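These notes are about the structure you will find just below.
Keep in mind it's a predicted model, so treat the numbers as computed, not measured.
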Amino acid sequence: MLTKSHAIDRLMRDCPHLRQRRFGLPYIGARLDGEHFNPTVQAIADAIDFYGYEVRDENIATIPDTDLGSGNPVKFAPFPPAVAAMKHSLDNDLMYRYPYTEGSDEIRKQLLEYVEKEGFVNTTPYSYDDIDEKGLSVHNITFSVSTSVLFNQIIDIISQPGDIVLVTGPNYGLFTIRTERAGAEVEILPLEREDNFLVNPVKLANRIDSLNESLQQVYHRRKGYVPRVVAFLNANPNNPTGKVMGKNEAALLQEISKVCMERGVFVIDDLVYRDISYDKENIAMPIATIPGAFRNTISLFGLSKSYSMAALRAGFVVADEVIIREIVNKTFQTMDSTPDIIGKALAGAFNATSERYEAYENYFTDLREIYLYKFNLLKALVCGIATVEVRFKTRIFETVINILGIADANKVLSCGLPMVSFPKGLEPEAGFFAILDFTELKGMKYKGKAIRTEKDLLQFFYATCRTRFLVGQSISWPYEDELVGRISYSIEDDKLVKSMLNIHNAILLLEPKDHYEIRKNRYEDQAQMARIKVDGWKNAYDSIISSTYLNSLNYEEQTKRYEASFSEYKDLVFVAVDGEEVLGYSCFNPTPNVDLFESELVSLYIKPNQIGKGIGTSLFLETCKELASLGKKNMIVWCLSDNEPAIKFYERLGGKIVKTKEAKIGDKYYKEYGFYFQLK
């Protein structure tokens with residue numbers, strides 16, 4: 001008789017991530033086609049998962065932490081016309097009928113009138129009888145439970161396997177993950193300082209062209225479909241930089257639209273932060289208002305961010321009828337229809353009546369002032385109160401004193417956070433996120449452990465003050481050597497002020513950085529590494545290994561070996577460098593062919609005149625961190641049994657001898673000890 005497993009056991013076997021009980025961010029998901037995320041997206045997913053789950057400790061259920069990465073808007077009353085529309089519907093409408101999948105024509109008509117008043121126009125309309133003088137109809141609009149759901153559907157509609165969606169860096173990292181979960185690929189268009197962190201149309205065109213050319217070369221021999229760049233995600237305002245492209249940047253938006261149209265690339269115009277642009281005279285301008293651009297543009301609006309209604313989950317999309325038809329189809333196939341009450345709220349918030357625009361003016365005049373105050377509060381805490389707008393100084397000073405007391409208030413407001421700043425030219429113009437630059441902390445130490453990566457930075461702040469935020473890797477920050485964090489200033493004043501004081505005090509705990517840095521090796525390092533190995537062997541193994549073998553070692557041959565194998569091992573070697581000088585290096589293997597051991601430190605060499613300065617320990621710890629980040633739980637290190645300095649070194653670091661073996665070096669065999677390390 002066939003013995004069958006319990007259903008729940010079978011489910012956990014098929015979905016191993018369900019075995020883990022998580023606190024905080026749920027499982028981030030995987031591609032629906034079973035393939036791995038591409039490295040760019042995997043790095044984003046890993047960083048978000050680290051912030052949302054991994055950095056948090058076992059005490060999180062009982063001791064709350066401080067989350068500065070939240071996407072919640074300020075605690076503010078929801079937009080009154082949206083609330084009134086829902087209340088009116090609940091009080092006056094019978095709710096016994098299922099809603100239409102696409103939403104009622106009445107709701108869509110109100111949304112249509114709104115976008116047309118905002119300037120939407122289709123200059124190449126279809127010839128249907130219901131098309132109006134703007135070239136549009138209610139069939140250009142539908143709504144759903146958040147722009148995130150709509151975005152997923154859009155990617156599924158416009159892309160085939162292998163197609164690329166181009167997104168900016170910085171970006172909203174979860175959209176990049178959702179793109180690949182749907183089966184498309186993600187590539188990044190860096191937003192750079194020289195362009196004021198705005199989209200450069202020339203660089204956009206070159207990036208699209210180079211990606212399409214690469215895809216043609218890869219797929220040119222295949223019959224059938226050749227993947228291509230199918231969409232460019234244009235978040236305006238940008239999340240998380242807060243940069244705005246409004247009417248002052250109309251020419252730039254026109255160039256972006258032109259570049260995409262000429263290449264058959266849709267623009268997905270994400271406008272969810274539009275109404276909290278701080279300059280009401282230059283709020284984000286929808287690309288679909290540019291004559292000729294409508295049919296190539298997919299525009300997203302929502303209540304979550306700007307209208308203080310994140311809990312409702314409501315968004316709508318404006319696009320060519322063909323796209324709307326398939327969104328409606330997919331909605332019907334997955335959730336039957338969208339709740340009608342969401343549509344009522346959207347129509348209450350987005351309509352063309354004078355009453356709506358009067359309420360909008362009153363609401364956002366107050367709300368923009370709150371966000372400007374909160375940004376200035378953060379600025380005072382980061383850069384000192386002397387840097388903020390004069391009109392906010394008294395209020396900020398009184399607020400911080402009431403929360404912290406006079407002594408701590410003076411400490412944090414006098415000069416801000418030590419060695420932390422805003423990236424030059426990147427103060428937000430919209431939204432409620434700011435990028436903070438922690439790069440000056442790079443290399444500084446806490447309890448002997450150096451901050452070298454963004455994960456180190458996050459672990460340091462969590463260990464010292466239980467504070468966390470999203471780091472640059474999770475938002476595709478374009479400058480890899482910098483350590484940055486995305487901080488939300490929409491949280492309550494007392495939480496923001498206290499968290500900045502805690503970060504201030506934590507930074508004061510740091511010890512000075514070493515005179516060297518540790519990074520992955522580069523091709524130009526190989527000659528120095530070869531010299532260090534040869535000198536290291538002759539220095540460490542004199543009287544241990546045959547002099548005949550040691551004398552056979554030479555710099556030139558070792559350099560050739562390293563250079564020949566560089567492409568294979570480039571990601572498996574760390575070097576300690578002082579400027580251009582290599583002081584030492586470590587080589588590791590995440591998949592050794594050794595029973596019971598999940599990884600191996602293959603070699604660790606230090607320049608003879610640098611031994612005893614802590615470089616070996618730093619390289620060892622950096623290797624352990626790297627292997628742990630790859631999911632490895634333990635590591636083996638092999639050491640000659642007669643190499644007493646190395647044995648003491650590994651014992652001091654906590655290694656235990658668990659195996660021995662004979663290793664052939666030259667024509668002789670030598671005994672080696674295997675040191676076992678748990679990776680934490």
Could you check whether S488 and S490, counting side-chain N and O atoms only, form a donor-acceptor pair closer than 3.5 Å?
yes
Residue pairs passing the ring pair (Phe, Tyr, Trp, His ring centres under 6.0 Å) test with at least one member in residues 156-215, sequence neighbours excluded, are F151-F175, Y172-F175, F197-W477
- Hey, is R31 close enough to E185 for a salt bridge, meaning N to O under 4.0 Å? yes
Do the side chains of E194 and K203 get close enough for a salt bridge, i.e. N-O under 4.0 angstrom?
yes
- Message: Within the 3.5 Å criterion, strictly below it, is a donor on Q20 or Y53 matched to an acceptor on the partner's side chain?
- Response: yes
Anything under 30° is parallel, anything over 60° is perpendicular, the rest tilted; go ahead and classify Y307 against F79. perpendicular
Sequence neighbours excluded, the answer for side-chain hydrogen bond (donor to acceptor under 3.5 Å, both in side chains) partners of D163 is Y225
Using 30° and 60° as the class limits, which term best fits the ring planes of Y27 and H17: parallel, tilted or perpendicular? parallel
So, are E429 and K243 salt-bridged, with charged N and O less than 4.0 Å apart? yes
Notebook entry, point to check: Side-chain contact, heavy-atom cut-off 4.5 Å: V484 with V471?
Noted result: no
Exercise for review: Could you tell me whether R368 sits above the aromatic face of Y363, with NZ or CZ closer than 6.0 angstrom to the six-membered ring centre and within 45 degrees of the axis?
Suggested key: no
Taking side chain as C-beta onward, heavy atoms only, is F120 less than 4.5 Å from V318? yes
- Query: Does F364 reach the side chain of I276, with side-chain heavy atoms less than 4.5 Å apart?
  - Reply: yes
*For Y126 and R295, test the side chains for any donor-to-acceptor distance below 3.5 angstrom and give the result as yes or no.*
yes
- Task: Could you tell me whether the side chains of Y273 and N238 share a donor-acceptor contact shorter than 3.5 Å?
- Result: no
The side-chain contact (heavy atoms from CB on, under 4.5 Å) partners of Y278 (sequence neighbours excluded) come to Y371, L372, Y489
Requested in this report: Using only heavy-atom distances, determine whether the side chains of N329 and Q333 contain a donor-acceptor pair under 3.5 Å.
Outcome: no
Hits for side-chain contact (heavy atoms from CB on, under 4.5 Å) against T453, two or more places apart or cross-chain, chain-then-number order -> K455, D456, E622
Any heavy-atom pair between the side chains of F294 and N140 that's under 4.5 Å? yes
(Q) Using a strict threshold of under 4.0 Å (side-chain N to carboxylate O), is an ion pair present between K117 and E113? (A) no
Taking 4.0 angstrom as the limit, do E118 and R274 come out as a salt bridge? yes
### Salt-bridge criterion met for E626 and K520 (N-O under 4.0 Å)
yes
S137 meets the side-chain hydrogen bond (donor to acceptor under 3.5 Å, both in side chains) criterion, sequence neighbours left out, with none
Hits for side-chain hydrogen bond (donor to acceptor under 3.5 Å, both in side chains) against S210, two or more places apart or cross-chain, chain-then-number order -> none
Go through the side-chain N and O atoms of N171 and S476 and say whether any donor and acceptor fall under 3.5 Å apart. yes
- prompt: If you draw the axis of the six-membered ring of Y479, does the NZ or CZ of R193 fall within 45° of it and under 6.0 Å from the ring centre?
  reply: yes
Can a side-chain donor-acceptor contact be found between T40 and E187 if the only test is distance below 3.5 angstrom?
no
Practice task
Tell me yes or no: between the side chains of Y360 and D275, is some donor less than 3.5 Å from an acceptor?
Solution key: yes
Discussion item. Contact between I208 and V265 at the side-chain level, heavy atoms closer than 4.5 Å - yes or no?
Written reply: yes
Side chains of R108 and T142 only: does a donor on one sit below 3.5 Å from an acceptor on the other? no
